[in-house]
Structure formats: structure tokens, C-alpha cells
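What follows is a set of notes on a single structure, which appears directly below.
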Number of protein chains: 2
Amino acid sequence: MTDTPARLLRLLSLLQTPREWPGSELAGRLEVSPRTIRRDIDRLRDLGYPVEASRGSVGGYRLVAGTAMPPLLLDDEEAVAIAVGLRAGAGHAIEGVDEASVRALAKLEQVLPARLRHRVSSLQNATVPLTRGDGATIDPRTLTVIASAVTSRERLRFGYLAGDGAASKRQAEPYRLVSTGSRWYLVAYDLDREDWRTFRVDRVSEPFATGARFAPRELPAGGEDGAELLARSMSRLQPELHIDVTFEAAADVVAARLPAELGALEPSGEHSCRLRTASRSSVEWVALRLALVGCAFEALGPPELVEHLGVLGDRLSRAASRPSAAGRT
Amino acid sequence: MTDTPARLLRLLSLLQTPREWPGSELAGRLEVSPRTIRRDIDRLRDLGYPVEASRGSVGGYRLVAGTAMPPLLLDDEEAVAIAVGLRAGAGHAIEGVDEASVRALAKLEQVLPARLRHRVSSLQNATVPLTRGDGATIDPRTLTVIASAVTSRERLRFGYLAGDGAASKRQAEPYRLVSTGSRWYLVAYDLDREDWRTFRVDRVSEPFATGARFAPRELPAGGEDGAELLARSMSRLQPELHIDVTFEAAADVVAARLPAELGALEPSGEHSCRLRTASRSSVEWVALRLALVGCAFEALGPPELVEHLGVLGDRLSRAASRPSAAGRT
DNA sequence: CCCATCAGGCCAGGATCCGGCCTGATGGAG
DNA sequence: CTCCATCAGGCCGGATCCTGGCCTGATGGG
């Protein structure tokens with residue numbers, strides 16, 4: 001029988017509950033003798049899982065932090081919670097964990113029981129993506145399909161909407177998924193164009209992995225990495241914003257409410273500071289973050305940011321002014 | 001030796017990679033004969049993990065979705081990504097998975113290797129919580145400590161800042177962690193007051209679980225649940241907003257960009273719709289969500305919402321109007 | 001001081017596991 | 001269409017491992 005391994009897994013699962021388990025109770029639950037439990041604990045320790053024991057009358061075993069991640073044994077609700085959390089996060093890629101986060105999501109969704117899937121998607125619908133206003137929302141499913149294809153080295157077919165509005169069908173060998181600020185890009189070898197391309201993931205539709213495996217291809221000019229390739233083509237795609245804003249509040253107050261990725265603040269007085277930085281985020285996103293700082297500020301540039309702030313300010317002011325008699329029905 | 005169980009775990013880990021593994025390759029990696037691999041696959045299937053096999057020359061094994069969650073084997077980066085994602089999510093509790101999400105976070109952090117912890121916290125600092133403006137940010141650590149105490153039934157000591165500004169030390173038996181919209185509450189039996197209380201988690205400071213275990217206590221009036229107790233005391237704490245807004249856009253367009261928890265829209269014409277609902281969210285939060293819809297709208301009430309929109313609109317307009325600088329393009 | 005807990009040695013019997021060899025079935029590529 | 005790589009699984013012999021039981025010690029709390 002597959003007795004012992006199964007028991008070890010169950011034991012691991014019990015020990016992940018944040019409480020202490022006396023050996024006798026574990027023995028009862030797993031229906032073996034206490035001696036076997038002691039041996040199992042030994043085994044787990046040999047495997048590298050740091051099981052800590054406290055002696056005495058209220059003692060017991062507990063799994064603590066070690067040097068390697070033990071397998072996480074989640075119950076249904078926890079799995080759903082993680083899936084929902086990751087999906088929500090996948091939209092506004094947190095710098096530094098972007099790709100890993102999608103990988104984890106792909107891994108989880110690969111084995112997520114069917115009965116939990118609808119719970120995930122319905123919960124996700126309840127949380128509107130906090131996207132910038134340009135409507136470039138990304139379907140987490142798209143991301144996970146692409147991520148799977150990247151790691152399994154399978155060819156990918158998908159529809160793509162080019163920048164000029166032309167729709168096309170593509171077939172490509174996906175190389176890597178990269179995120180910059182709040183956008184996702186796929187670096188891939190386009191089989192029809194016979195060249196390396198970068199695709200904006202929010203313009204990819206219905207990607208699906210054809211089973212066909214491919215051998216990793218050399219990237220173009222030697223030594224280059226996917227991120228570089230992306231950086232090159234992105235400089236054509238996504239204009240850089242040269243942000244220049246002064247806040248009427250002390251630098252430390254503002255810094256606490258501003259994402260670090262936006263850049264550093266220079267204090268410019270007792271109660272004011274200035275943000276000068278370049279960003280590839282969208283105007284809408286930057287405007288939102290600025291508004292959320294919660295103090296008065298003044299945008300000096302770029303012009304499109306100033307304009308967007310003006311439009312937004314206007315919209316809100318009008319929303320608050322009850323122009324009931326004005327042009328509306 | 002603890003050979004077989006360890007191998008099964010490694011096998012499970014390999015199979016979670018989204019790709020197909022031919023038996024021979026698995027045999028090579030795990031340094032056993034292919035026959036043993038076939039047997040191991042059998043064992044996993046017996047344990048309930050649905051391993052799918054495709055035959056043919058490009059075939060192999062793959063772990064697919066089954067009826068139960070298999071143990072998730074994460075690498076370092078994935079673990080960090082999940083921790084960061086959950087922490088970010090813990091702030092704005094997604095309705096329905098609130099508690100589970102915190103439980104999962106507690107479970108993960110219990111075993112998260114020390115060398116990864118600083119990565120999590122530094123990454124978290126990079127993402128400013130998208131909180132409403134009232135500054136009631138919640139430290140995820142606080143939540144996880146409380147969640148652990150709830151599941152392990154340990155007494156909790158913590159500092160508390162009452163609504164009237166009075167600080168105090170509390171000792172309590174935590175019963176449940178509940179979130180409503182975007183706030184967290186702890187339902188607990190206060191040992192000093194000798195009665196049930198609900199505490200706002202954002203006002204809890206330095207909670208720590210004394211080792212002392214306690215026996216679950218009966219909730220007050222029969223049949224009541226933690227959520228009810230909370231609802232009762234909350235009606236005193238958190239005023240309800242009666243929101244009334246008209247949007248100048250079709251109902252389905254607006255609905256797609258509005259959190260479902262805010263309530264339902266009534267179409268009021270070809271290109272307009274109305275939102276009338278009650279919410280316990282903060283004014284700042286509601287205002288933000290309205291602004292993010294991205295179309296013109298008009299707030300009819302409540303007054304504090306209208307006022308807040310006015311302030312915000314004013315601030316943005318002034319930010320865009322460059323009262324001081326005159327020249328630069 | 002006593003009791004609960006963890007820690008681990010020793011032993012015997014039995015279950016389990018492994019490798020190797022075999023036969024079939026199945027799907028993809030040439 | 002044919003060939004090949006893959007999965008599926010039966011059978012067997014020998015080595016290995018696992019379990020339960022019993023023991024002695026150590027440690028911490030009430």
C-alpha cells in the first residue's frame with residue numbers, strides 16, 4: 001500500500017496548522033502508534049522540514065521556518081483565496097515578482113479542482129481591476145496560458161491587435177514574459193514574420209498552446225537578454241513620461257503614500273517637495289497615484305498629465321456641483 | 001532511508017511544472033528505474049492526484065486538476081510572489097475570501113524561509129497600499145498573528161485605541177476575524193471587561209499570542225454568529241452611506257468598471273444609468289471608484305460624498321492649472 | 001515532586017519496494 | 001502505411017524498510 005508517503009503528507013498538512021500537536025494526538029489521527037509518529041517526524045526532519053518540538057506537559061510538534069519551502073497544503077478556501085489574490089495582482093504587476101507571480105498562478109490553476117474554478121472567477125468579477133483608465137485590462141487567463149507555454153516550450157497561436165488597429169493571427173515560439181511598470185509583454189519568435197517580436201499582452205486574444213514543442217532558439221545579437229530586446233522595441237511603443245510635480249506637504253509624508261517605483265522625492269522646503277522622474281506608466285495611472293497622495297499638489301509636466309488631471313478635476317467638480325438643470329435629460 | 005516518500009514529493013514537484021515529462025526523463029532525474037517511476041505514478045494516482053499521461057512519441061506525464069488540492073510545491077520566487085500578493089490583498093479584503101486569504105497568508109508565513117522574509121517586506125514597501133484616504137492601513141503581520149491565535153485558540157494580548165482616542169491594553173480570547181467591505185474586525189471575548197467585544201483591527205497594536213490555550217466559549221444569545229455580533233456593534237461604529245449617483249453612460253459599460261459590492265445599476269435611458277445603494281465603505285473609497293469609472297457622472301448624495309468629490313475635483317483642477325509657473329511647454 | 005512530553009536504541013516479523021523482463025496498446029512522425 | 005516512442009501493468013526474487021512494542025533518558029510545567 002502507499003501508506004507511508006500518504007501519511008507523511010497528511011502529517012505535513014497537520015503540522016502546517018499554526019498550533020502545537022502532541023505526538024499522541026497525531027498518532028490518533030493518523031492511526032498509527034506514537035512510535036511511528038516519532039519516526040515520521042524524524043523522516044520529515046531528514047527531508048529538510050524543520051519540525052520543532054517543545055517538551056513538557058503542553059508541548060508538541062510544530063513546523064517552523066526552515067531553509068526551503070515545504071509543500072503547501074491548502075484547503076479549498078485558501079486555494080481560492082490565493083488564486084483570487086494573484087489574479088487581482090496580475091493586473092498591476094508588482095515590480096520584482098511579476099513573472100514569478102504569474103508562474104505561481106499558472107501552477108496553481110493547473111491543479112485547481114474544477115469545483116473551485118467557478119468560485120474563483122465569480123469572486124474575481126466582484127473585484128474590478130484597478131486599472132488605469134485606458135482600458136488595457138489583462139485577462140489573467142491569458143497570462144497563465146502564455147506563462148505555461150513559455151515554461152513548457154510549446155508553440156503558441158493567438159490573435160493580435162497591432163498598434164495601428166490591424167488584427168492578425170500569429171504563431172510564435174514564446175520566449176519570455178516581461179512586465180514593465182504596469183504593462184505585460186511577451187517576447188517571442190514570430191514564426192510567420194520569421195523574426196523576434198514583442199507583443200503587448202493586453203492586445204493578445206485567445207492564446208492557446210498547440211502541443212508542438214520547440215527547441216529554444218538563440219536570441220538575436222549575442223549576449224542580449226529578453227528584457228533588452230523588450231526595452232529596445234518598447235522605446236518605440238511606449239512613450240516615456242517626464243514627470244514633474246510639486247507637493248504641498250513634507251517629503252516623508254508624501255513618500256509614504258507614493259509607490260516607490262515612481263522615483264524619489266526631493267524636499268524643497270519645510271512643507272513641500274518635488275517629484276521629478278521618468279516613467280513608462282500610463283498617464284491615467286500616474287494621475288490616480290498623485291490624487292491618492294491626498295495633499296494639494298501642482299503638476300508642471302508633462303502636458304498630457306496636466307491635461308488629464310484637468311479633465312479629471314473637471315469631471316469630479318461637475319459631479320459634485322449638481323448641474324441638474326444643465327444639458328442632461 | 002526516507003527514500004520513497006522523498007521521491008514522491010520530488011515527483012509531485014516536477015509534475016507541477018506545466019509541461020509534460022516522459023517517464024524516462026523522470027527516471028533519470030530521480031535516479032531510479034523507469035519501472036519504479038511507473039509505480040510511483042500509480043501511487044500518486046492512488047493518493048488522489050490525477051496524473052494524466054499522453055502516449056505517443058511526444059507524450060509524457062502531467063498533473064491535472066482533480067478533486068482535491070495537491071500540495072503546492074513552490075520555488076522561492078513563487079513563494080515570495082504569493083506572500084506579497086496576499087499581503088497587498090489583505091488590505092482591501094475581497095469579500096468572500098477575506099478570512100481564508102489571511103489564513104493562507106499565516107500558513108505561508110509560518111514556514112517561509114528566513115532568507116525570503118526580507119524580500120517580502122521590501123517588496124511590500126514598494127507597493128503603496130491603495131487604501132482609502134482615511135489612513136487606516138492594516139499591517140498584514142497584525143492580521144496573521146490574530147488569525148493564528150484564532151485557529152490555535154490562544155489568548156491574545158494587544159494594545160487598543162478606542163474610538164474616543166483612549167489607549168488601553170487588552171487581553172482576550174479571539175473568536176473570529178471578519179471583514180466587511182474594506183475593514184477588518186476581530187470578534188473576541190474581552191477577559192478584562194468580561195464580555196464579548198469587536199475590535200477594529202486597524203486600531204490594534206502589537207498583538208501577540210500568549211501561549212495559553214483556552215476552551216471555546218459560548219457566544220452570547222443563542223444562535224448568534226460572529227458576523228451578527230459584528231453587524232450589531234458595527235451599526236454603532238460605521239455610518240452607512242446612501243449613495244445616489246447617475247452616470248452618463250450605458251448601464252453595462254458602467255457595471256464593467258464598478259465593483260459588484262457597490263450594488264446594482266438601474267438603466268435610466270439609452271446612455272445613462274443610476275446607482276442607488278447603501279454601503280459601509282468610506283467616502284474616499286467610493287469617490288475613488290466613481291472616478292475610475294471614466295465617464296461623466298453626477299453625485300446626488302450623500303452630502304459628504306458630494307463634498308469629498310468637490311474637494312478632490314478642486315485639488316486636481318488646481319494641480320492642472322499651474323497657478324505659479326507660466327512659461328514651460 | 002510528579003507527570004507529560006520528546007528522543008531514540010533494539011529487536012523480530014512481516015510488508016513493501018526495487019529492478020528486470022515481458023506483453024500489449026496507443027498515438028505521432030516520416 | 002509503417003515504425004518508433006511512449007504508457008500500462010503482470011510476474012518474480014531478493015533486498016530493504018517499516019511497524020509496533022518495550023525500554024531508558026532528558027526536559028519542562030504545574
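Bear in mind the structure is a predicted one, so any value in this text is a computation, not a measurement. A, B, ... follow the sequence lines: proteins, then strands. Residue 1 opens every chain.
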* Structure fact -> Per atom distances to the B:Thr4 side chain, the nearest of D:dT19, C:dT5, C:dC18 is C:dC18
* Structure fact -> Heavy-atom nearest nucleotide on DNA chain C taken for A:Arg39 and for A:Ala53; more 5' hit belongs to A:Ala53
* Asked: Given D:dA8, is OP1 or OP2 found less than 4.0 Å from the side-chain N or O atoms of B:Arg45?
  -> yes
* **Test side chain to side chain contact (heavy atoms under 4.5 Å, CB included) applied to B:Arg157 - qualifying residues, sequence neighbours left out** => B:Gln171, B:Phe208, B:Thr210
* **Interatomic distance, B:Leu44 CG vs C:dC17 P [rounded to whole Å]** => 12 Å
* In whole angstrom, give the distance that lies between atom CD1 of B:Ile41 and atom C1' of D:dC7. => 10 Å
* What residues form a salt bridge (Lys or Arg N to Asp or Glu O under 4.0 Å) with A:Glu109, not counting sequence neighbours? -> A:Arg87
* Give a yes or no on whether the backbone of B:Val187 and the side-chain of B:Arg197 come within a donor-acceptor separation of less than 3.5 Å. => no
* **Protein-nucleotide distance (A:Tyr61, atom OH; C:dA7, atom C1'), rounded to Å** => 7 Å
* To do: Determine whether more than 12 heavy atoms belonging to other residues, nucleotides or ligands lie under 6.0 Å from atom CZ of B:Arg141.
  => no
* Asked: Could you write nucleotides 22-30 of chain C as a row of B, S and -, 5' to 3', where a protein heavy atom under 4.0 Å of any base atom gives B, of only sugar-phosphate atoms gives S, and otherwise -?
  -> --BBBBS--
* **Protein-nucleotide distance (B:Asp42, atom CG; C:dT16, atom C1'), rounded to Å** => 15 Å
* Asked: Looking at B:Thr36, does any N or O in its side chain come under 4.0 Å of the phosphate oxygens OP1/OP2 on C:dG19?
  -> yes
* Under 3.5 Å, is there a donor-acceptor pair linking the side chains of A:Arg38 and A:Thr36? -> no
* Under the side chain to side chain contact (heavy atoms under 4.5 Å, CB included) test, which residues partner B:Arg62, sequence neighbours left out? -> A:Gln110, B:Glu20, B:Glu52, B:Val64
* Could you pull out all residues at least two apart from B:Thr17 that satisfy side chain to side chain contact (heavy atoms under 4.5 Å, CB included)? => B:Arg19, B:Trp21
* Value in whole Å for how far the P atom of D:dC18 lies from CG of A:Leu11 -> 15 Å
* To do: Would you please confirm or rule out a distance under 4.0 Å between OP1 or OP2 of D:dC17 and any side-chain N or O of A:Arg43?
  => no
* Under 3.5 Å, side chain of B:Glu25 to main-chain N/O of B:Pro22, donor-acceptor pair present? -> no
* **Donor + acceptor pair across side chains of A:Ser168, A:Arg170 (<3.5 Å)** => yes
* To do: Just report the end-to-end axis angle for the helix from C:dC1-D:dG30 to C:dG30-D:dC1, five pairs per end, to 10 degrees.
  => 60°
* Would you kindly give the CG-to-P distance between B:Leu8 and D:dC18, to the nearest whole Å? => 12 Å
* D:dT6 P sits how many Å from B:Glu52 CD, rounded? -> 18 Å
* Asked: Nearest-Å distance, CZ (B:Arg62) to C1' (D:dT6)?
  -> 15 Å
